[in-house]
2 protein chains.
Amino acid sequence: MDPLTRRQSEILGFIRQHIAGHGMPPTRAEIVQAFGFRSLTAAEDHLRALARKGAIELMPGTSRGIRVVADDPAPAAANDDDALPLVGRVAAGVPITAVEQIESWYRIDRHLFHPQPDFLLRVQGWSMRDAGILPDDLLAVQRVETAENGQIVVARIGDEVTVKRFQRSGSIVRLLPANPDFAPIRIDLRQQELAIEGRAVGLLRTGGFALA
Amino acid sequence: MDPLTRRQSEILGFIRQHIAGHGMPPTRAEIVQAFGFRSLTAAEDHLRALARKGAIELMPGTSRGIRVVADDPAPAAANDDDALPLVGRVAAGVPITAVEQIESWYRIDRHLFHPQPDFLLRVQGWSMRDAGILPDDLLAVQRVETAENGQIVVARIGDEVTVKRFQRSGSIVRLLPANPDFAPIRIDLRQQELAIEGRAVGLLRTGGFALA
DNA sequence: GAAGTAACTGTACGTAAATACAGTGATCCG
DNA sequence: CGGATCACTGTATTTACGTACAGTTACTTC
């Protein structure tokens with residue numbers, strides 16, 4: 001979210017306060033009255049600015065169509081039974097689920113998934129497009145050390161973490177993308193180390209569906 | 001608080017749900033649409049009844065001037081702030097979110113999604129494959145009545161509910177699949193009726209990733 | 001069997017509210 | 001210096017919304 005000006009913060013504060021107190025967002029007129037403006041456009045301009053900076057969302061043609069974007073993602077606690085950690089950027093060789101790697105926790109009904117996941121991983125790139133796995137999706141992953149052929153796994157080669165379909169024959173492992181634009185990764189277990197971090201058991205897409 | 005009738009409870013539930021999902025109380029028109037009424041007065045009557053019985057408070061002359069008074073913990077799941085209903089098979093002409101259509105509730109951190117969804121819908125068929133929407137995925141849908149070009153919408157034509165990308169020019173609406181094996185649906189609004197049930201804001205894949 | 005309540009349809013109207021357009025200063029910035 | 005952003009004033013137009021009025025049908029209750 002872009003930084004707000006002093007005035008914009010006051011407006012945002014008023015919106016929050018109004019929702020808390022009245023159970024609904026304010027109208028332009030109510031903002032005007034609260035701040036002593038003499039023109040509706042003053043309120044409109046502020047709302048546009050706040051929307052542009054991502055602090056609020058405006059719903060065109062809708063009365064009181066203001067939604068405060070939650071910048072405080074309701075931090076679920078680590079001890080919550082139904083919370084899953086979102087694993088962030090992965091640093092040099094550290095196991096992916098190390099505490100330092102955890103970005104945040106999300107409350108999700110674990111039993112939704114079969115089998116049950118242990119953590120979420122944000123997907124990067126288009127390599128698994130044809131498996132319906134897109135960038136910025138959250139992959140629900142179950143921690144396993146070994147994989148069966150055909151399963152989609154989270155694998156680590158050195159510092160690189162990747163999501164691919166697993167295929168092994170003898171000491172040769174192929175990590176297959178689901179996208180003809182990407183090349184398979186071939187690993188000889190006698191020469192290179194491959195760590196299986198987990199197995200994909202589900203997926204969560206939290207953003208909208210913009211045009212690709 | 002006086003006891004509510006079955007229908008009145010449903011209305012109250014919808015108001016709660018709307019506030020939770022949209023951050024503001026519904027208008028009369030939104031209630032009418034949600035329940036499939038054909039007259040604004042139906043909604044008005046219910047609101048009056050709920051106000052008379054003390055379940056809500058109405059603020060005269062104020063758009064969305066509905067305040068839920070009681071915080072009775074009636075249907076455990078439906079009241080959960082972080083629960084989403086899974087909408088089941090859709091029957092003849094009934095609005096998709098009609099109470100009777102709800103299969104079950106799932107506990108999911110609403111704040112994960114932007115904007116926040118109102119219900120989940122199980123995806124059927126491969127027509128949105130290239131948008132990463134596969135069969136048996138649960139689509140997180142925000143209830144909206146209109147759509148912008150390019151958005152992925154849940155639309156109803158008669159009794160048929162479909163998920164497609166929305167494109168409108170004039171009175172011609174095209175519902176575009178994201179899969180070359182499927183044909184676009186072309187609708188002339190002057191001849192056919194098209195109901196937008198909602199807008200895709202996220203996705204939940206609960207099964208594993210079997211080989212396609 | 002009259003009266004009341006619940007749950008609606010259908011029409012109409014005034015106003016609450018969103019929003020476009022045209023400006024005015026003030027400040028910052030390369 | 002010109003151009004952007006900020007913070008407004010003032011007017012106008014449309015549409016979203018609340019709400020009144022007049023009915024209908026079915027079910028309960030005294």
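Order of the sequence lines fixes the chain letters, A, B, ..., with proteins taken first and strands second; residue numbering starts at 1 for each chain.
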* So do Phe182(B) and Arg129(B) actually touch side chain to side chain, heavy atoms under 4.5 Å? -> no
* Is any side-chain N or O of Arg38(A) closer than 4.0 Å to OP1 or OP2 of dT11(D)? -> no
* Asked: Can you check whether Arg7(B) has a side-chain N or O nearer than 4.0 Å to OP1 or OP2 of dA6(C)?
  -> no
Report each atom pair, protein N/O against N/O of nucleotides 21-23 of chain D, whose distance is under 3.5 angstrom.
none

* Structure fact -> Out of dC6(D), dG18(D), dG10(C), minimum distance to the side chain of Thr5(A) belongs to dC6(D)
* To do: Starting from C1' on dG18(D), measure out to CZ on Arg64(A) and report it in whole angstrom.
  => 12 Å
* To do: Take atom CG of Leu47(B) and atom P of dC17(D), then tell me their distance rounded to the nearest Å.
  => 14 Å
* side-chain N/O Ser63(B) vs dG18(D) OP1/OP2, d < 4.0 Å -> no
* Would you kindly check whether a donor in the side chain of Ser39(B) faces an acceptor in the base of dG10(C), or vice versa, at under 3.5 angstrom? => yes
* Sugar-phosphate, base or nothing in reach of Ala42(B), heavy atoms under 4.0 Å -> base
* Tell me whether the OP1 or OP2 atom of dC6(D) has a side-chain N or O from His46(A) closer than 4.0 Å. => no
* To do: Can you tell me the distance, in whole Å, between the CG atom of Leu50(B) and the P atom of dT5(C)?
  => 16 Å
* To do: Hey, could you give me the CG/CG distance between Asp45(A) and Leu50(A), rounded to the nearest 0.5 Å?
  => 11.0 Å
* Asked: Considering only heavy atoms from C-beta outward, does the side chain of Lys53(A) approach that of Thr5(A) to under 4.5 Å?
  -> yes
* To do: Would you check if Leu134(B) and Val123(B) make a side-chain contact, meaning some heavy-atom pair closer than 4.5 Å?
  => no
* Just wondering, are more than 12 heavy atoms of other shown residues or ligands nearer than 6.0 Å to CD in Glu148(B)? -> no
* Structure fact -> Taken to the nearest whole Å, CE/Met59(A) to C1'/dA16(D) is 14 Å
* Asked: Does the side chain of Leu139(A) reach to within under 4.5 Å of the side chain of Leu120(A), using non-hydrogen atoms?
  -> no
* Are side-chain heavy atoms of His18(A) and Arg64(A) found at a separation under 4.5 Å? -> yes
* Contact under 4.0 Å: Lys53(A) side-chain N or O vs dC6(D) OP1/OP2 -> yes
* To do: Specify the separation, in whole Å, of atom CD of Glu10(B) and atom C1' of dA6(C).
  => 14 Å
* To the nearest Å, give me how far apart CG (Leu40(B)) and P (dT19(D)) are. => 12 Å
* Structure fact -> By nearest-nucleotide position on DNA chain C, the 5'-leaning member of Gln8(B) and Arg28(A) is Gln8(B)
* How long is the line joining CZ of Phe35(B) and P of dA6(C), in whole Å? -> 17 Å
* To do: Send over the distance from Met24(A) CE to dA16(C) P, rounded to a whole Å.
  => 15 Å
